[in-house]
S.K.: 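This is the structure, below, for whatever I ask next.
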Amino acid sequence: MEVQRPRGTRDFLPEEMAKRKNVENRMRHVAQHWGYGEIKTPTFEHIELFTLKSGEGILGEIYNFKDKGDREIALRPELTAPVIRMYVEELQRSAKPLKFYYFDNCFRYERPQKGRFREFFQFGVEIIGSGRPESEAEVIAMAVEMLKSAGVQGDIHVGNLGIVRTLLKDLEVEHQSRIMRYVDKKDDKGLEDFLDHIQAPDEIRGKLFRLIGLRGENAVHEARELVGDIDAIKQFETLLELLDVYGLEYLVDLGIARGLDYYTGMVFEIYCEGLGAQNQVCGGGSYRLAQLFGGEDTPSTGYAIGFDRIMEICEVKPEAPRRIVVVSFDDTRKEAIVIAQKLREQVSVYIDVMGRKFKDQISHANTIGASHVVIVGKNELDAGKVALKDMKTGEQVLVTVEEVAERITDL
RNA sequence: GCCUGGGUGGGGUAGCUGGUCAUCCUAUGGGACUGUGGAUCCUACGACUCGGGUUCGAAUCCCGACCCGGGCCCCA
């Protein structure tokens, strides 16, 4: 084999594509029913779009290149930034909120593993113009429903970065980011060393460690005792009430940080079993990116589902498409084409292009799993009809072309 | 970037304590059967991932690369 597909990429054969399309359509269906409109952004963007929000550090994971005009281009590693870029570029004056969904491929230069590829697919939604608890609850509920539509159920972890950020607000911005990164990695040792390094006040230090360790039902109460009755906590409480209204089960986890500077309020992650180390199938939260791209400060909320990971664990089995094969003899090939064309207005029709003999055509129809065969022969044509053969029962009836479509679509 | 297991025709495999034309199944093309399928028979096609090394001789042993799986790191 001289040429093979690049590492971390995949080919999808018809059987697999049928499954993927099926799941994709289920998720689309959910998004449509929640009133979201589909959007599509370019496969590649200027690299600054991604370095701006995440720093130079991510360059190692980005597929980038210089185009012939000497522009630094990147294959998108995710879709939130492109969506917000699109908003800033052409939608800032439209009625809020904007509710979008997308399904597209993304690219990251990482070591391939189970549920991790260099070209992978994300299904995501964004609400632009609202970071209120109502939209936070809505996206979480929608994420759950999307997963459910694919037959997948996971554990929801919900946190709020506003609480930790309020605690850290007097520190340098750069230090805040570093701290959030340590929190995200759950690297307590590194965090401790860093706090030593910047000589953080003992009070903040103690509260920080207790805060990010808070889990479960009493987490909000304990957080309030630590940092006072701040807005972030009020908002978080409202969110949790709404999640109850949606009937969701969740785990409060104030240790979720998502490592990203632009997340500002709620953050959530959904985990599933059966995926090894890549058990996170969905992540999202409230963020502020617009002003970073030159727009007005605009609160937004969204999430992205790791579509490939869903495909690893979902058990959707779309039924095989029913296929009709039109078979003919050497002296009726042209008539068969005409009849196939007519049938295609109603059903999916497969016709021999190998110049096979009659018997081999039937044999081939059998190997590709045809449910019915339409036989176009002299005898039938003389009677103005065709023979419809049921490949399962072997029964064969003489009918008109119109009747074929009726009988098939009836099944 | 690190650790670990593995790569034999399109798919699945035997061989892998070095030595006959590399085994078998399946799939695929052609043919027999000449207006009725899954069978059978004949025939064709087709592989030791790649590159070095050891050896008289390597699919087999050694090294490296590439790729796949699993576990880490990371995951914007």
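Quantities reported herein were computed from a predicted structural model and do not represent experimental measurements. Here is how names work: the chains are called A, B, and so on, in the same order as the sequence lines, proteins then strands, and each is numbered from 1.
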S.K.: Would you list the atom pairs, donor with acceptor, under 3.5 Å between side chains in residues 355-363 of chain A and any protein atom, with sequence neighbours excluded?
M.R.:
residue, atom, partner, partner atom, Å
A:Q361, OE1, A:S328, N, 3.0
A:Q361, NE2, A:S328, O, 3.1
A:Q361, NE2, A:R356, O, 2.8

S.K.: Expressed as a whole number of Å, how far does the C1' atom of B:G6 sit from that of B:U60?
M.R.: 16 Å
S.K.: How far does the C1' atom of B:G10 sit from the matching atom of B:C48, given to the nearest Å?
M.R.: 16 Å
S.K.: List in chain and number order the residues that pass side chain to side chain contact (heavy atoms under 4.5 Å, CB included) with A:T41, two or more places apart in sequence or in another chain; answer none if no residue qualifies.
M.R.: A:E45, A:R76, A:L79, A:P82, A:M86
S.K.: When the distance from CZ of A:F117 to P of B:C67 is rounded to whole Å, what number comes out?
M.R.: 15 Å
S.K.: By ring-ring contact (aromatic ring centres under 6.0 Å, His included), which residues pair with A:F307, not counting sequence neighbours?
M.R.: A:F103
S.K.: Please test A:Y101 against A:Q32 for side chain to side chain donor-acceptor pair (under 3.5 Å), starting from the C-alpha separation and ending with a verdict.
M.R.: CA-CA 9 Å; A:Y101 79 92; A:Q32 295 282 1; 2.9 Å; yes
S.K.: Answer with base, sugar-phosphate or nothing: what part of the nucleic acid does A:G8 contact at a heavy-atom distance below 4.0 Å?
M.R.: sugar-phosphate
S.K.: Figure out the CD/P separation between A:E110 and B:C67, and round it to whole Å.
M.R.: 15 Å
S.K.: Sugar-phosphate atoms are those with a prime plus P, OP1 and OP2; base atoms are the rest. Using that split, label each nucleotide of nucleotides 32-42 of chain B B, S or - for protein heavy atoms under 4.0 Å, 5' to 3'.
M.R.: SB-BBBB----
S.K.: Mind checking the P distance from B:G18 to B:A58? Whole angstroms is fine.
M.R.: 13 Å
S.K.: Check whether A:Y109 forms a cation-pi arrangement with A:R118 (NZ or CZ under 6.0 Å from the six-membered ring centre, at most 45° off the ring normal).
M.R.: yes
S.K.: Checking A:R165 against A:Y263: charged group under 6.0 Å from the ring centre and within 45 degrees of the axis?
M.R.: no
S.K.: Can you tell me the distance, in whole Å, between the CZ atom of A:R108 and the P atom of B:C73?
M.R.: 17 Å
S.K.: I need the CZ-C1' distance between A:R5 and B:C67, as an integer number of Å.
M.R.: 9 Å
S.K.: When the P atoms of B:A59 and B:G69 are considered, how many whole Å apart are they?
M.R.: 28 Å
S.K.: Closest to the A:R7 side chain: B:C67, B:G71, B:C74?
M.R.: B:C67
S.K.: Could you tell me whether A:R356 contacts a base, only the sugar-phosphate backbone, or nothing, with contacts defined as non-hydrogen atoms closer than 4.0 Å?
M.R.: sugar-phosphate
S.K.: Can you tell whether the side chains of A:R85 and A:E89 come within less than 4.0 Å, N to carboxylate O?
M.R.: yes
S.K.: Please list all pairs passing the ring pair (Phe, Tyr, Trp, His ring centres under 6.0 Å) test where one or both residues lie in residues 13-32 of chain A, with sequence neighbours left out.
M.R.: A:H29-A:H33
S.K.: Distance check needed: B:C74 C1' versus A:K114 NZ, whole Å only.
M.R.: 19 Å
S.K.: Quick one: list whatever passes side chain to side chain contact (heavy atoms under 4.5 Å, CB included) with A:Q280, sequence neighbours left out.
M.R.: A:R258, A:E269, A:Y271, A:R309
S.K.: Quick test: give all pairs of protein nitrogen or oxygen and nucleotides 1-8 of chain B nitrogen or oxygen below 3.5 Å, distance rounded to 0.1 Å.
M.R.:
residue, atom, partner, partner atom, Å
B:C2, N4, A:R111, NE, 3.2

S.K.: Report the distance from atom CZ of A:F121 to atom P of B:C75, rounded to the nearest whole Å.
M.R.: 23 Å
S.K.: Going by the ring pair (Phe, Tyr, Trp, His ring centres under 6.0 Å) test, which pairs reach into residues 9-28 of chain A, not counting sequence neighbours?
M.R.: none
S.K.: For B:G46 versus B:U8, give the span between their C1' atoms, rounded off to a whole number of Å.
M.R.: 12 Å
S.K.: With a 3.5 angstrom cut-off on both distances, give the Watson-Crick or G-U wobble partner of B:G1, or none if there isn't one.
M.R.: B:C72
S.K.: Between B:U20 and B:G57, how many Å separate the two C1' atoms, rounded to a whole number?
M.R.: 13 Å
S.K.: Which residues pass the salt bridge (charged side-chain N to carboxylate O under 4.0 Å, His left out) test with A:R344, not counting sequence neighbours?
M.R.: none
S.K.: Between B:U4 and B:C62, how far apart are the two P atoms, rounded to whole Å?
M.R.: 15 Å
S.K.: For A:R118 and B:C67, what is the distance between atoms CZ and P respectively, to the nearest whole Å?
M.R.: 7 Å
S.K.: Hey, which sits more toward the 5' end of RNA chain B by its nearest nucleotide, A:F107 or A:P6?
M.R.: A:P6
S.K.: Considering only the P atoms, how many Å lie between B:C63 and B:U23, rounded to the nearest integer?
M.R.: 29 Å
S.K.: B:G10 P sits how many Å from A:E15 CD, rounded?
M.R.: 20 Å
